[in-house]
Amino acid sequence: MTITTLSSREFNQRASEAKRAANNGPVFITDRGRPAHVLMSFEEYQRLTKQRRNVADALAMPGVADIEFEPSRVTIKPRPADLS
């Protein structure tokens with residue numbers, strides 16, 4: 001995997017080159033010297049997003065606030081411990 005880094009200005013001037021480079025690995029696009037965006041092939045994006053997610057990741061996804069979910073309330077009653 002090859003990692004390519006381009007400034008925003010270079011990316012704007014060489015978009016075709018950046019797309020070709022994304023086939024070989026991620027292309028980091030910087031703003032004022034700091035990483036701001038990553039360009040990758042669609043196949044790589046699909047590979048990364050098909051990973052199994054845990055509940056915390058799923059709840060952190062954009063748009064989750066629009067989902068209505070009202071679980072029923074559960075009552076847990078204490079019971080004495082059997083220490084025999």
Side-chain angles (χ1 to χ4, degrees):
M1 174 187 347
T2 304
I3 297 175
T4 305
T5 302
L6 298 172
S7 68
S8 291
R9 184 179 200 170
E10 291 172 319
F11 174 73
N12 288 334
Q13 294 172 346
R14 303 174 4 200
S16 294
E17 182 181 326
K19 289 193 287 186
R20 282 192 298 274
N23 290 324
N24 299 319
V27 177
F28 295 156
I29 303 165
T30 62
D31 281 332
R32 300 174 190 245
R34 302 179 95 167
H37 304 281
V38 177
L39 178 68
M40 65 179 74
S41 67
F42 187 69
E43 290 81 18
E44 182 66 9
Y45 170 77
Q46 285 182 315
R47 186 186 72 75
L48 290 173
T49 58
K50 284 186 181 177
Q51 293 178 7
R52 294 174 57 177
R53 292 189 175 129
N54 62 34
V55 173
D57 290 341
L59 292 173
M61 290 175 42
V64 78
D66 299 330
I67 299 172
E68 291 185 30
F69 177 65
E70 291 291 330
S72 58
R73 188 159 182 88
V74 175
T75 303
I76 301 174
K77 297 178 183 177
R79 59 181 186 194
D82 181 11
L83 302 175
S84 57

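In terms of hydrophobic clustering, with Ile, Leu, Val, Met, Phe, Trp and Tyr side chains grouped at heavy-atom distances under 4.5 Å, Ile29 and Leu48 are assigned to different clusters. Hydrophobic cluster membership is shared by Ile3 and Met40, with clusters built from Ile, Leu, Val, Met, Phe, Trp and Tyr side chains linked at under 4.5 angstrom. Tracing side-chain contacts under 4.5 Å through hydrophobic residues (I, L, V, M, F, W, Y), one never reaches Leu6 starting from Phe28; they form parts of separate clusters.
Among pairs with a residue in residues 21-44, those fulfilling side chain to side chain donor-acceptor pair (under 3.5 Å) read Ser8-Asp31, Glu44-Arg47, at least two apart in sequence or across chains. Among pairs with a residue in residues 72-84, those fulfilling side chain to side chain donor-acceptor pair (under 3.5 Å) read Asp82-Ser84, at least two apart in sequence or across chains.
Qualifying side chain to side chain donor-acceptor pair (under 3.5 Å) partners for Arg14, counting only residues two or more places apart in sequence or in other chains: Glu17.
The two residues Val27 and Ala18 make their nearest non-hydrogen contact at CG2-O, 3.6 Å.
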